Amino acid sequence: NKPNTIIPIDFDLPERNLSDGHDYVPPKARRSPEIARRQARPAGSLLAEQQFTGLRMASEIVRQPQDVESWRFSAQILAASGLNTAWYSFARQAPVMRRRLKLPVIASADELIEVGEGSEVIVAEPRPSSADMLQTVNDELMITSDFAERLAAATERQAPKLDKYNIWLGRQIGNTSLRLACVEMADRYNDPACYGPGEVQLAVRDQALQTLQQSRQLADTIGSHPSMAQLAVPDSDLAVFWRRSAPNGAFDAYSAAADSVFST
């Protein structure tokens with residue numbers, strides 16, 4: 001058997017996923033300058049702008065020190081929002097039934113390689129810790145937000161190949177969101193003597209499926225399907241929910257992120 005038929009390393013976003021009627025709609029502009037600015041922009045550019053800003057918010061939030069309860073809240077909400085963003089970007093109304101993402105690999109890469117009879121024994125590298133995975137999430141969010149900024153500018157000037165770039169961005173956001181959802185569990189499954197690579201990756205897949213389910217269900221609590229773009233708007237359903245419901249550490253992380261993003 002091939003390793004990827006035994007050990008899950010892929011994750012599919014279904015084309016039919018989020019329910020109708022709960023899509024995020026940017027709040028109405030109230031001031032004349034903002035109304036005029038929006039009217040002068042092409043369709044889709046406002047959402048692209050908010051998505052870029054929301055990704056910067058997410059990047060700042062995960063960099064803030066938080067207690068365990070606060071981190072779990074932040075990671076859960078951001079991961080679910082990121083999966084929804086990925087679905088809107090490249091899986092909704094896709095010409096195929098599913099769009100493929102990559103599961104984070106907590107088992108080291110060497111452990112996923114089958115060693116046939118007579119082959120040289122491969123010594124596996126250490127598995128990533130939660131701190132390692134969090135650093136990767138930080139790096140990926142910074143890269144993704146930089147790309148989203150360029151895509152927002154390209155959307156405003158109606159550059160060619162926007163669909164292609166949205167697919168790339170959606171896939172990156174989805175992959176990073178799955179990794180974020182699994183940060184805490186990396187330390188739990190860090191010992192190869194206790195957990196084999198198949199067991200670890202099955203647990204990763206279960207966590208990804210749970211996060212996808214949460215992303216569908218949060219609209220019942222928040223009022224709309226959470227997405228990265230909503231983090232950019234203080235009056236959005238997600239931002240209001242965060243300020244009202246987050247543990248203190250997550251609330252402080254959101255406030256610090258807002259101060260950093262909106263003061264520049």
Side-chain angles (χ1 to χ4, degrees), residues 4 8-20 22-26 41-59 62 77-105 136-182 204-205 207-209 211-216 218-219 224-233 236 238:
N4 63 358
I9 58 174
D10 295 318
F11 186 80
D12 290 331
L13 274 180
E15 182 262 339
R16 296 185 180 276
N17 184 33
L18 300 181
S19 59
D20 295 332
H22 293 90
D23 296 339
Y24 163 64
V25 178
R41 296 168 66 98
S45 60
L46 176 63
L47 196 59
E49 176 187 75
Q50 292 179 354
Q51 183 171 263
F52 147 61
T53 306
L55 283 166
R56 285 189 60 198
M57 283 285 295
S59 179
V62 300
I77 300 301
L78 291 177
S81 300
L83 279 186
N84 285 347
T85 300
W87 183 77
Y88 281 119
S89 296
F90 87 126
R92 186 185 197 182
Q93 299 177 343
V96 293
M97 291 299 294
R98 296 176 181 273
R99 288 286 199 177
R100 181 152 293 179
L101 299 176
K102 288 295 182 181
L103 289 171
V105 177
T136 302
V137 168
N138 283 330
D139 294 343
E140 290 176 346
L141 280 173
M142 291 181 65
I143 292 170
T144 306
S145 63
D146 285 346
F147 184 86
E149 182 178 20
R150 296 196 298 274
L151 180 57
T155 303
E156 186 169 1
R157 64 176 186 270
Q158 294 291 278
K161 299 183 180 180
L162 289 176
D163 288 345
K164 174 183 175 181
Y165 296 136
N166 268 305
I167 289 173
W168 187 93
L169 180 62
R171 183 172 282 115
Q172 293 303 114
I173 294 172
N175 290 339
T176 301
S177 298
L178 291 177
R179 191 182 307 279
L180 176 59
C182 296
V204 167
R205 185 180 66 182
Q207 180 64 32
L209 288 169
T211 303
L212 181 63
Q213 183 178 19
Q214 290 169 342
S215 73
R216 295 168 177 157
L218 276 168
S224 60
H225 297 304
S227 62
M228 289 297 182
Q230 292 197 45
L231 291 172
V233 183
S236 70
L238 176 57

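No experiment lies behind these values; they were computed from the predicted model shown. The first residue in the sequence is number 1, and the count goes up from there.
- V233 has its side chain out of reach of L238: every pair of non-hydrogen atoms, C-beta onward, lies at least 4.5 Å apart.
- Q207 approaches C182 most closely through the heavy-atom pair CG-SG, 3.8 Å.
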Check against side chain to side chain contact (heavy atoms under 4.5 Å, CB included), V204 and L178: CA-CA 9 Å; V204 167; L178 291 177; over 6 Å; no

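- To the nearest 0.5 Å, atom CD of residue Q50 and atom OG of residue S236 are 8.5 Å apart.
- Here the side chain of N84 pairs no donor or acceptor atom with the backbone of S227 at under 3.5 angstrom.
- Nearest heavy atoms, L18 versus S215: CD2-O, 3.9 Å.
- A donor-acceptor distance shorter than 3.5 angstrom exists from the side chain of W87 to the backbone of P14, with no hydrogens or angles considered.
- To the nearest 0.5 Å, atoms CG (D12) and CG (L103) are separated by 9.5 Å.
- For the residue pair S177 and G82, the shortest heavy atom distance occurs at OG-CA, 3.1 Å.
- Under the ring pair (Phe, Tyr, Trp, His ring centres under 6.0 Å) criterion, F11 pairs with no residue at all, not counting sequence neighbours.
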If you apply the rule side-chain hydrogen bond (donor to acceptor under 3.5 Å, both in side chains), what do you find for S224 with Q230, and how did you get there? CA-CA 10 Å; S224 60; Q230 292 197 45; 3.2 Å; yes

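- Classification of the W168-F147 ring pair by plane angle, with boundaries at 30° and 60°, yields tilted.
- Listed for the T85 side chain is a donor-acceptor partner under 3.5 Å among the backbone atoms of M228.
- T155 approaches A48 most closely through the heavy-atom pair OG1-CB, 4.0 Å.
- Remark: the backbone N or O of F90 is paired with a side-chain donor or acceptor of R99 at under 3.5 angstrom.
- Counting only distance, with no hydrogens or angles, the side chain of S59 and the backbone of R56 share no donor-acceptor pair below 3.5 Å.
- With values rounded to the nearest 0.5 angstrom, I77 atom CD1 is found 10.5 Å from T211 atom OG1.
- Identified under the side chain to side chain donor-acceptor pair (under 3.5 Å) test for residues 140-153, with sequence neighbours left out: E140-T176, E140-R179.
- Taken from CD in Q213 to CG in L83, the straight-line distance is 12.5 Å, to the nearest 0.5 Å.
- Of all heavy-atom pairs spanning K102 and N175, the tightest one is N-OD1, 2.8 Å.
- Using a distance-only test at 3.5 Å, with no hydrogens or angles considered, no donor-acceptor pair links the side chain of H22 to the main chain of L218.
- The line from CG of N17 to OH of Y88 is 9.0 Å long, rounded to the nearest 0.5 Å.
- Closest approach of S89 to G170, counting heavy atoms only: CB-CA, 3.6 Å.
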Apply side chain to side chain contact (heavy atoms under 4.5 Å, CB included) to the pair Q51 and L169, showing each step before the final yes or no. CA-CA 11 Å; Q51 183 171 263; L169 180 62; 3.2 Å; yes

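- The structure places CG of L78 at 6.0 Å from CG of L231, a figure rounded to the nearest 0.5 Å.
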